[in-house]
Amino acid sequence: MTRLRIGVLGAAEIAPRALIEPARDNADTEVVAVAARDIDRARSYAAEHAIPRAFGSYDELLSDDNIDAVYVPAPNGLHGRWTLASIAARKHVLCEKPFAANADEARRVAAVAADSGLVVMEAFHNLYHPVTPFMTDVISSGELGGIRSIDADFSFSIVDQSDNVRWSRELAGGSLMDVGCYPLRLLRALGTGEPRVVSATATEFTPDVDGSMLISLEFPDGATGTASCSMTREPSMSATITGERGTLVSSHPFLPHEGNEFTITTTEGTRVASVTNESTYAFQLRAFVDAVRSGTPVVSDAQDAVATMSLIDDAYRAAGLPLRQPTRA
């Protein structure tokens, strides 16, 4: 079987860690091309990462019949546009989170994806690593008793990077879009039924662009949840599941290859567990390939992305901030 040939839409900082390096270790894939809006930038990036071909436009890469799939790590406000363009070019798509600028755009993309017969997958890499199934298994085992609350946080600081695209309202930036989507999606994975946003508070880094946010949620069974995020605080990452008989704390639920210790404390005592420290991105790439080759379902498909984007929209509304919008450039 030939390798899945993948092109990268954008000379992005995340791509080496998220795709290029895992692809080198995956016998079923190869990154064959990168596109940037500046051909010199594309060539430099290709040379740096040993990518065979460089294109001076995204459209040029998409028109190449020797590319089977694309990875979309462009700024948030461009995700929907280039996912649609990739589907139109008959390419499978691995799109960075968040899947779109808002839920309406996600619905439009999901409708097209559903009719395409192609794999269109949102890159929530932590969902494919054993760290997430471990937590769901502990919940379903009853070891913690009935679940009362699920709380998750993902924070770091880029306050010294005011020109970073993550701060751009025009490119659908903000802490919720960039990192808050992880805690929200994890709560969806761990809870019983879809949560709803009860309230949200945000601290603005610039007008209408959230530097941090705290979101309170409720599940259909009455359990509560919080999702917190920031791009203005010291790095922190955790997930805490509290039940009637105990708690589970995950130290690195989103980047478990940096440390994935679980502490489970119940009436019977405390135990510590861990899972593999293999990169989440390696698991994600294997899931993407399996979906393309064998039709194996993925947990973060286009329709799933609509539910996550709807929570993001609800959180922005509750915090009194405008919804993000697709970039028109």
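In this text, all values refer to a predicted model and were calculated from it rather than measured experimentally.
- Shown are Asn76, Asn102, Leu78; of these, the side-chain contact (heavy atoms from CB on, under 4.5 Å) with Pro326 is made only by Asn102.
- Scanning for side chain to side chain contact (heavy atoms under 4.5 Å, CB included) contacts around Pro52 gives an empty result, with sequence neighbours left out.
- Applying the side chain to side chain donor-acceptor pair (under 3.5 Å) test to pairs two or more places apart or on separate chains, those with a residue in residues 119-137 are His125-Tyr182, His125-Thr280, His125-Tyr281, Tyr128-Ser300.
- A donor-acceptor contact closer than 3.5 angstrom is absent between the side chains of Arg169 and Thr206.
- Here the OG-CG distance, from Ser199 to Leu214, works out to 7.0 Å after rounding to the nearest 0.5 Å.
- Defined by atom type and a distance below 3.5 Å, a donor-acceptor pair is present between the side-chain atoms of Asp151 and Thr226.
- Judged by distance alone, with hydrogens and angles left aside, the side-chain atoms of Asp68 form a donor-acceptor pair with the main-chain N or O of Arg5 at under 3.5 Å.
- No side-chain donor-acceptor contact under 3.5 Å links Thr242 and Thr247.
- Distance check, rounded to the nearest 0.5 Å: OG of Ser228 to CG of Leu184 gives 10.0 Å.
- Side-chain atoms of His252 do not come within 3.5 Å of backbone N or O of Glu261 as any donor-acceptor pair.
- Atom CD of Glu13 has 12 or fewer heavy atoms from other residues, nucleotides or ligands within 6.0 Å.
- Residue pairs meeting the side chain to side chain donor-acceptor pair (under 3.5 Å) criterion with at least one partner in residues 82-97, sequence neighbours excluded, are Tyr71-Glu96.
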